[in-house]
Amino acid sequence: MGIVSWIILGLLAGAIAKVLLPGRDPGGLIGTTLIGVAGAFTGGWLSAKLLDRPIQNEFFDLATWGSAIAGSLVLLIGYRILFGNSRD
């Protein structure tokens, strides 16, 4: 899977993470999108290193999507913890 595929996957994973974790985000749509892209990369890396389950090179692999969404959720929660009160 190329870099463009990972970016698209990250955009979709960020949107899914936002739906699963609704609320006001400090970064808005752009911040959530960037968190989704970073979460896709982070989730894939953690899956390969910690779970010893390398991500397949297929866009429609369930494990790839699961790790991207999980990584996005983790980063979104961390982002809200660190910067959650900046828009009050």
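Any value given below was found using the heavy atoms of this structure, including those in side chains, with hydrogens, waters and symmetry copies removed.
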Check Gly14 against Ser72 and note the closest heavy-atom contact, atom names and distance.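 That would be N-OG, 4.0 Å.
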
One pair to check against side-chain contact (heavy atoms from CB on, under 4.5 Å): Thr42 and Leu75. What are the steps and the verdict? CA-CA 9 Å; Thr42 304; Leu75 290 181; 3.9 Å; yes

How many angstroms lie between atom CH2 of Trp65 and atom CD1 of Ile16, to the nearest 0.5 angstrom?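 With rounding to 0.5 Å, CH2 (Trp65) is 5.5 Å from CD1 (Ile16).
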
Spacing of CG belonging to Leu21 relative to OH belonging to Tyr79, to within rounding of 0.5 Å: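 Reported value, rounded in 0.5 Å steps: 14.0 Å.
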
Test of understanding: clusters of I, L, V, M, F, W, Y form through side-chain heavy atoms closer than 4.5 Å, transitively. Do Leu82 and Val74 belong to the same one?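 Shared cluster, no.
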
Do Ile8 and Val19 sit in the same hydrophobic cluster, where Ile, Leu, Val, Met, Phe, Trp and Tyr count as joined when their side-chain heavy atoms come under 4.5 Å apart?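 As far as the 4.5 Å side-chain criterion goes, Val19 and Ile8 are not connected within one cluster.
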
Any side-chain heavy-atom pair of Leu20 and Leu76 under 4.5 Å: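 The answer is no, as the side chains (C-beta and beyond) never meet within the 4.5 Å cut-off.
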
According to side chain to side chain contact (heavy atoms under 4.5 Å, CB included), who are the partners of Leu11, at least two apart in sequence or on a separate chain?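 Result, side chain to side chain contact (heavy atoms under 4.5 Å, CB included) vs Leu11: Ile7, Thr33, Val37.
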
